[in-house]
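A, B, ... follow the sequence lines: proteins, then strands. Residue 1 opens every chain.
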Amino acid sequence: MVLKKLQPLLEDAARPKVGQNLKYDINVLANYAVQLRGVRYDTMLESYVLDSTASRHDMDSLALKYLGYKTITYEEVAGKGKNQINFSEVPIEQAAAYAAEDADVTLRLHETLWPRLAENPALVTLFEDIEMPLVPILAEIERNGVRIAVDMLRAQSRELERRILDIEREAHAIGGQVFNISSPKQIQEVLYDKLNLPVLKKTPTGQASTAEDVLQELALDYPLPRLILEYRTLSKLKSTYTDKLPEMINPKTGRVHTSYHQAVAATGRLSSADPNLQNIPVRTAEGRRIRQAFIAAPGYKILSADYSQIELRIMAHLSGDAGLQQAFRGNQDVHRATAAEVFGVGLDQVTEEMRRNAKAINFGLIYGMSAFGLARQLKIERAAAQAYVDLYFARYPGVKDFMERTRALAHQQGYVETLFGRRLYLTEINASNQVRRQAAERAAINAPMQGTAADLIKRAMIAVSHWLATSGADAKMIMQVHDELVFEIAESAVDTVREAVRACMTGVAQLDVPLVVDTGVGDNWDQAH
DNA sequence: CATGTCACG
DNA sequence: ACGTACGTGACATGA
């Protein structure tokens with residue numbers, strides 16, 4: 001058998017491998033009990049590290065872009081849609097040509113991409129020390145999968161179904177007609193044409209918006225918007241989560257296996273798809289019931305470990321602002337500290353409202369805040385929001401300088417960098433269209449924080465994975481959610497692993513402010529929070 | 001296949 | 001006068 005002949009080569013770490021999207025190959029071979037080792041160069045990741053903003057990093061696109069070569073597509077050999085045949089059914093001559101081209105093009109891409117990457121030592125380090133080591137780790141997390149309490153989700157689906165039907169009946173009664181509440185178009189007709197409610201906002205295409213914040217506003221004066229909001233919340237939970245997750249369980253493993261995409265997000269973050277496990281509800285009690293269905297196997301526990309305020313801490317580090325650094329060094333509640341500074345009161349004089357406003361300001365900072373955006377978020381006058389911004393910058397001058405430096409650098413270079421030299425190109429930073437240019441400026445301010453956070457947790461995953469392998473602890477990493485890592489751990493090993501994970505996560509970098517990690521343990525993901 | 005909406009960090 | 005908070009993925013609708 002061919003695989004038996006190749007196995008020693010594939011498993012020999014001393015023989016370096018070049019490939020395109022090697023995580024895929026690792027997982028395919030793992031299904032045949034072959035451990036692919038020596039994974040050295042992934043051309044998809046070479047392309048991503050060179051320019052994360054490129055629209056695609058698949059082999060066909062890269063071949064066209066870098067080699068001027070049009071590859072044989074998979075559809076050309078296997079067909080598409082319902083007529084598509086299995087690759088094993090493709091005639092051997094065609095299959096051989098396709099497969100050989102694949103190998104040839106990948107190597108040629110590497111020979112083109114690597115010298116470009118090698119021109120920038122920081123990118124080489126990023127590639128060799130972060131992105132490539134992460135590949136087999138992501139593959140393993142995907143294969144580990146997550147255990148799901150199917151019965152619990154099915155029961156939730158049935159309950160949601162009942163409540164949705166009730167709301168539907170009531171909404172139709174108030175609207176005076178039967179209409180599809182899932183259809184923004186039909187909602188518009190009922191709310192704005194039939195019931196003559198005021199149009200508070202329009203969508204980008206000029207339609208009267210029925211988005212959440214608009215309906216919230218209208219709900220103060222009318223009954224129907226409230227019902228539509230409830231309907232939307234419940235049907236979102238049902239269609240996206242309680243109905244869908246049980247369908248996604250792999251019958252062979254009895255678990256749900258997501259795919260982590262390592263070359264999608266422009267900032268360096270991972271993304272998760274099929275299913276997306278990075279947007280499981282948490283903000284409402286209703287939604288958290290779904291997390292209760294993410295469970296550990298018998299005899300095991302779920303551990304969640306997340307970075308506290310990671311992006312603001314990075315901002316404190318990158319900006320060097322003394323006040324912000326002081327707040328983190330004293331391990332203060334940073335929103336409270338901000339409120340005290342901005343509103344000029346003692347820490348113990350900060351009211352709930354002051355803290356809420358300060359929190360919105362802190363979020364705004366991470367997003368490249370404008371007074372307009374802050375005003376909309378806080379539902380206050382733009383002038384009042386501007387006053388907050390001015391006050392903030394007066395109290396944290398280092399942050400203001402950092403923002404201005406970052407903006408200037410982005411204009412001058414056409415890109416910004418994370419702490420580890422990851423680049424984000426901003427093609428519209430010098431656009432003549434003001435709206436686009438300002439959007440690029442906000443992205444320029446956000447990217448170093450979001451991207452550095454991504455670099456840090458990737459390093460943490462590598463450190464944790466190494467610790468797990470060498471310690472032999474009975475524990476598996478099962479999810480990553482941007483600033484959080486989730487594990488399934490044998491009960492007897494929980495305390496040890498918890499502290500090791502914390503040490504790995506806090507120790508990945510020495511910033512000017514401490515990295516803090518909160519952990520929780522439970523029988524399910526909700527309890528672990 | 002585009003659009004609007006909404007789930008997460 | 002303009003019109004936005006940063007980054008993702010998935011769903012239902014309706015052409």
Side-chain angles (χ1 to χ4, degrees), chain A residues 52-53 179-188 201-216 228-229 231-245 247-248 258-261 264-284 286-288 290-291 306-312 315 360-378 382 385 389 416 424 426 433-451 453-454 457 479-485 525:
Chain A
S52 65
T53 64
F179 63 102
N180 186 345
I181 312 179
S182 294
S183 165
K185 189 164 172 265
Q186 294 183 34
I187 293 177
Q188 279 164 29
K201 196 179 84 172
K202 297 200 169 181
T203 69
T205 56
Q207 308 285 312
S209 173
T210 67
E212 182 180 350
D213 55 343
V214 175
L215 297 189
Q216 294 283 11
I228 295 170
L229 285 169
Y231 174 93
R232 285 216 184 123
T233 304
L234 300 184
S235 39
K236 179 90 177 180
L237 292 179
K238 182 169 185 291
S239 64
T240 308
Y241 304 106
T242 62
D243 284 353
K244 201 58 53 144
L245 287 170
E247 290 174 23
M248 302 295 291
T258 185
S259 296
Y260 286 103
H261 294 175
V264 168
T267 53
R269 273 190 180 180
L270 300 177
S271 77
S272 159
D274 304 308
N276 183 354
L277 297 186
Q278 292 180 325
N279 73 347
I280 303 301
V282 69
R283 292 173 187 172
T284 64
E286 196 64 64
R288 282 195 292 274
I290 290 160
R291 288 193 175 220
D306 68 287
Y307 283 113
S308 164
Q309 303 292 351
I310 182 95
E311 292 185 0
L312 273 181
M315 156 92 80
I361 294 172
N362 281 332
F363 266 103
L365 285 170
I366 292 168
Y367 295 153
M369 179 160 61
S370 67
F372 184 95
L374 184 64
R376 201 165 71 83
Q377 179 66 33
L378 289 176
R382 186 147 115 207
V389 174
V416 291
L424 180 92
L426 300 148
N433 180 325
Q434 184 187 201
V435 176
R436 292 177 174 213
R437 192 175 63 248
Q438 287 176 345
E441 286 176 353
R442 292 192 298 271
I445 287 172
N446 173 263
M449 290 178 270
Q450 191 182 123
I457 197 162
M479 284 186 280
Q480 190 256 37
V481 192
H482 308 306
D483 64 356
E484 173 187 14
L485 298 177
W525 195 11

Considering every strand and a 4.0 Å limit on heavy-atom distances, what is the contact class for [X]: base, sugar-phosphate, or nothing?
{"X": "A:Gly368", "value": "nothing"}
{"X": "A:Arg382", "value": "base"}
{"X": "A:Asn276", "value": "sugar-phosphate"}
{"X": "A:Ile280", "value": "sugar-phosphate"}
{"X": "A:Ala371", "value": "nothing"}
{"X": "A:Tyr241", "value": "sugar-phosphate"}
{"X": "A:Asp306", "value": "nothing"}
{"X": "A:Arg283", "value": "base"}
{"X": "A:Glu212", "value": "sugar-phosphate"}
{"X": "A:Ser370", "value": "base"}
{"X": "A:Ala266", "value": "sugar-phosphate"}
{"X": "A:Glu311", "value": "nothing"}
{"X": "A:Ser272", "value": "sugar-phosphate"}

[atom1] spacing across the pair [N] / [M], given as an integer number of angstrom:
{"N": "C:dA5", "M": "B:dA2", "atom1": "C1'", "result": "24 Å"}
{"N": "B:dA7", "M": "C:dC2", "atom1": "P", "result": "31 Å"}
{"N": "C:dG3", "M": "B:dG4", "atom1": "P", "result": "15 Å"}

Flag side-chain contact, heavy atom, 4.5 Å: A:Met479 against A:Ile280 |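 No, side chains not in contact.
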Any side-chain heavy-atom pair from A:Gln278 and A:Arg269 closer than 4.5 angstrom?
->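 In short, these two side chains do not touch, never coming nearer than 4.5 Å.
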So, [X] side chain and [Y] main chain: donor-acceptor pair closer than 3.5 Å or not?
{"X": "A:Gln480", "Y": "A:His482", "answer": "yes"}
{"X": "A:Gln188", "Y": "A:Ala208", "answer": "yes"}
{"X": "A:Thr258", "Y": "A:Ala273", "answer": "yes"}

Quick one: on DNA chain C, does A:Ala265 or A:Thr240 contact a more 5' nucleotide (nearest heavy atom)?
->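 It is A:Ala265, whose closest nucleotide lies nearer the 5' terminus.
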CZ of A:Phe363: more than 12 outside heavy atoms within 6.0 angstrom?
->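 Atom CZ in A:Phe363 is not packed in, count stays at 12 or less.
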Provide the closest heavy-atom pair for [X] versus [Y] in the form atom of the first, atom of the second, distance.
{"X": "A:Ala443", "Y": "A:Leu426", "answer": "CB-CD2, 4.0 Å"}
{"X": "A:Ala385", "Y": "A:Ala371", "answer": "CB-O, 3.4 Å"}
{"X": "A:Leu237", "Y": "A:Gly287", "answer": "CD2-CA, 4.2 Å"}

Chain A contact limits on DNA chain C, taken 5' to 3' with a cut-off of 4.0 angstrom to heavy atoms =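 Here the contact window of chain A covers C:dC2 to C:dA15.
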Go ahead and write out DNA chain C as dot-bracket, 5' to 3': ( ) for pairs within the strand, [ ] for ones crossing earlier pairs, | when the partner sits on another strand, dots for unpaired; Watson-Crick or G-U wobble, both distances under 3.5 Å.
-> .....|||||||||.
Under 4.0 Å from any heavy atom of chain A: name the first and the last nucleotide of DNA chain B that qualifies, 5' to 3'.
->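 Endpoints of the contacted stretch of DNA chain B: B:dT3 to B:dG9.
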Looking at residues at least two apart in the chain, or sitting in another chain, which of them share a ring pair (Phe, Tyr, Trp, His ring centres under 6.0 Å) with A:Tyr260?
->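 Scan of A:Tyr260 (ring pair (Phe, Tyr, Trp, His ring centres under 6.0 Å), adjacent residues dropped) gives none.
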Can you list the residues that meet the side chain to side chain donor-acceptor pair (under 3.5 Å) rule with A:Arg436, with sequence neighbours excluded?
->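 If we apply the side chain to side chain donor-acceptor pair (under 3.5 Å) test to A:Arg436, skipping adjacent residues, the hits are A:Glu428.
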Output all residues satisfying side chain to side chain donor-acceptor pair (under 3.5 Å) with A:Arg442, sequence neighbours left out; order by chain, then residue number.
->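 A:Arg442 satisfies side chain to side chain donor-acceptor pair (under 3.5 Å) with no residue once adjacent residues are dropped.
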